[in-house]
Trainee: 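What follows is a structure written as structure tokens; I'll ask about it next.
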Amino acid sequence: MPHAARPTVTLHDVAAAAGVSISTASRVLSGSARKVAPEFEARVLAAAAALRYTADASARAMRRASDSIALVADDLSTPSMGMIVAAMEREARTAGAFVTVTSTMGAPERQLETVRQLRALRPRALVLTSNRFLTNALEGGLLRELDLYEREGGRVVIVGETDLNFDSIGVDNRAAGRSAGAFAAKIGHRRAVIFGGERELVNLADRRAGFVEGLRAGGVAERDIRIVHCEVSRQGGFDAAQRLAAAGMDGGEMVLAGNDTIAIGAMSGFRAAGLAVPADVSVTGVDDIPLASDVTPRLTTVALPLAQAGAEAIRLALEKSDTVRRLTLEGRLIIRESAG
């Protein structure tokens, strides 16, 4: 004869048997950081054991989700994003939270759908890193989703350029470019080629504008500044350098790359073409990724506070505020051997 199914024991049953409130029983059984008096804790645990209480898995998942900070990023494969994510995870752990990560490759439809799905999971906060979060994104669809999420009690923080009305933390990319351009002019270069990356990326557009401003302020004529667009990758820098070398160079050029990955690819491209860095061509980057100080020659670059941006994003996500906060961080020039 089959055994009758054991009736489900609820949290209410445990609380009643222990003589405590449901919220007290919940705090004990969920491992909440909020303290419960030792005698109440003992009564709840004894009642749970006697009743053979098993916490509902979905309820545990919802409680766990409330400790999560969801990061929605463009491309997780870049070294700079790796520095940001690592800093976010370290900062989140100190606050008893954890970071979940999703990549959208910057596609607006995927950004919208990802945020919509995350809303249903109810993470503690959403951190979005992108160069494409604008108020007209998908005719306001993304903005509506983010607004609804905040009305439901969540927090939104954006890392990067945005005109959305949420907390944000960014880096002064134009000033970073200006610093590199001024340095190129200062050390005597009077012709410059900017490996500027892709046209539509806001951060790289700002760096390109800064490069030109710094070069012009240092006395480089506008006709002697060229901008070459390329893929934002090592291969993009390599190919751009190969094309430039094939077109002919006379040893006076300075290449200012939109980021370190492009710059490192460019140095490889010049080397493959038989040109020496910096004897035949100087190269600078932006970001100061770890590899920048390991390549030969070591890369001159503008160090951006990427780890600080990641940590600050988590702090903004966890701190309540009635006003929109916007932080802008500054980079600093790191002079190494790739420019001379």
Side-chain angles (χ1 to χ4, degrees), residues 23-24 26-38 41 55 59-104 114-115 117-130 133 146 149-150 152-162 164 166-172 203 287-293 303-332:
S23 60
T24 297
S26 175
R27 282 196 288 273
V28 173
L29 297 174
S30 67
S32 170
R34 295 182 63 184
K35 297 298 183 183
V36 173
E41 182 179 12
R60 287 200 307 272
M62 289 300 291
R63 285 192 296 273
R64 185 72 170 149
S66 68
D67 292 329
S68 72
I69 298 170
L71 169 63
V72 180
D74 279 359
D75 184 358
L76 296 172
S77 65
T78 65
S80 56
M81 182 53 64
M83 295 168 68
I84 292 173
V85 172
M88 286 180 173
E89 290 180 331
R90 287 194 299 270
E91 188 65 28
R93 282 198 300 271
T94 65
F98 66 100
V99 178
T100 63
V101 185
T102 304
S103 172
T104 66
T114 298
V115 170
Q117 292 176 353
L118 287 171
R119 269 189 59 215
L121 296 175
R122 302 183 66 183
R124 186 169 176 178
L126 286 177
V127 177
L128 304 100
T129 69
S130 179
F133 282 118
L146 295 176
Y149 172 72
E150 285 213 328
E152 293 163 354
R155 297 196 65 77
V156 174
V157 178
I158 295 177
V159 178
E161 300 295 327
T162 183
L164 299 180
F166 301 107
D167 290 345
S168 66
I169 179 165
V171 172
D172 192 336
N203 62 336
D287 279 340
D288 197 28
I289 62 176
L291 188 58
S293 58
L304 301 183
L306 301 173
Q308 183 184 354
E312 291 289 352
I314 297 300
R315 294 190 193 109
L316 290 178
L318 297 177
E319 294 173 0
K320 293 184 177 181
S321 175
D322 295 328
T323 60
V324 174
R325 297 164 293 181
R326 297 193 184 279
L327 302 179
T328 301
L329 304 178
E330 301 285 340
R332 62 188 179 90

Trainee: Taking side-chain contact (heavy atoms from CB on, under 4.5 Å) as the criterion, tell me which of R155, R325, E150 meets it with F166.
Mentor: E150

Trainee: How far apart are the closest heavy atoms of L318 and A95, and which atoms are they?
Mentor: CD1-CB, 3.3 Å

Trainee: With salt bridge (charged side-chain N to carboxylate O under 4.0 Å, His left out) as the test, would you mind laying out the steps for R315 and E91 before giving the verdict?
Mentor: CA-CA 8 Å; R315 294 190 193 109; E91 188 65 28; 3.3 Å; yes

Trainee: Can you tell me how far the CD1 atom of I314 sits from the CZ atom of R93, to the nearest 0.5 Å?
Mentor: 11.0 Å

Trainee: Distance from L126 atom CG to S68 atom OG, nearest 0.5 Å?
Mentor: 8.5 Å

Trainee: Which value, rounded to the nearest 0.5 Å, describes the distance between L121 atom CG and T100 atom OG1?
Mentor: 8.5 Å

Trainee: If I take atom OG1 from residue T102 and atom CG from residue L71, how far apart are they, to the nearest 0.5 angstrom?
Mentor: 7.5 Å

Trainee: Heavy atoms only: give me the nearest D288-M83 pair and the separation to one decimal.
Mentor: O-CE, 4.0 Å

Trainee: Decide yes or no on side chain to side chain contact (heavy atoms under 4.5 Å, CB included) for L329 and L304, but give the supporting numbers first.
Mentor: CA-CA 8 Å; L329 304 178; L304 301 183; over 6 Å; no

Trainee: Of the non-hydrogen atoms in A87 and A311, which two are nearest, and what is the gap between them?
Mentor: CB-N, 4.0 Å

Trainee: Starting at OG1 of T323, measure out to CG of D167 and round the result to the nearest 0.5 Å.
Mentor: 7.5 Å

Trainee: Out of V101, V159, I69, which residue meets the side-chain contact (heavy atoms from CB on, under 4.5 Å) rule with M88?
Mentor: V159

Trainee: Mark yes or no for whether T328, through its side chain, and V171, through its backbone, hold a donor-acceptor pair below 3.5 Å.
Mentor: no

Trainee: Okay, side chain of D287, backbone of I289: is any donor-acceptor separation there less than 3.5 Å?
Mentor: no

Trainee: Answer yes or no: is there a side-chain heavy-atom contact under 4.5 Å between P123 and F98?
Mentor: no

Trainee: Return the CG to CG distance between L316 and L327, rounded to the nearest 0.5 Å.
Mentor: 5.0 Å

Trainee: Looking only at non-hydrogen atoms, find the nearest pair between E312 and I169 and report the distance.
Mentor: CB-CD1, 3.0 Å

Trainee: L128 and L164: side chain to side chain contact (heavy atoms under 4.5 Å, CB included), yes or no, with the steps?
Mentor: CA-CA 11 Å; L128 304 100; L164 299 180; over 6 Å; no

Trainee: Test T129 against I158 for side chain to side chain contact (heavy atoms under 4.5 Å, CB included), laying out the working first.
Mentor: CA-CA 6 Å; T129 69; I158 295 177; over 6 Å; no

